[in-house]
Amino acid sequence: MMRRLAPVVVAVVLAVVAVVLWIQSRTTTTVTEQFPTTSSFEGFSVTYDSTRVAGPWAALSVVAAAVAVYLVMRVVRRR
């Protein structure tokens, strides 16, 4: 019983680690863009948050998620 349950527990832990690493890899930057106009007005600006996912945290997140899926599929295939 414990032998059958161990991969599931490891898969759940790896899934949680994958989510935490994915959140860690996100970088948010506030960007303000200026758009001049041709009339006598000064123009307008748009401010937004730019979010990107990059770095080693994202790669580790994908690896952890892949191993978790592999372990779950292995358990399901045995039944």
In the single-linkage hydrophobic clustering (I, L, V, M, F, W, Y; side-chain heavy atoms under 4.5 Å), do W22 and W57 co-cluster?
-> no
Any side-chain heavy atom of Q34 within less than 4.5 Å of one from F44?
-> no
Close side-chain approach of L71 and V75, heavy atoms under 4.5 Å | no
Between T32 and S45, does any side-chain donor sit less than 3.5 Å from a side-chain acceptor?
-> no
Between V10 and V76, is there a shared hydrophobic cluster once you connect ILVMFWY residues whose side-chain heavy atoms come closer than 4.5 Å?
-> no
OG1 on T29 to CZ on R52, rounded to 0.5 Å = 6.5 Å
Can you name the nearest heavy-atom pair linking A18 to A65, along with the distance?
-> CB-N, 3.8 Å
Can a donor-acceptor pair be found between the side chains of D49 and T30 at a distance below 3.5 Å?
-> yes
Quick one: closest heavy-atom pair of A68 and L14, and the distance?
-> CB-CB, 3.9 Å
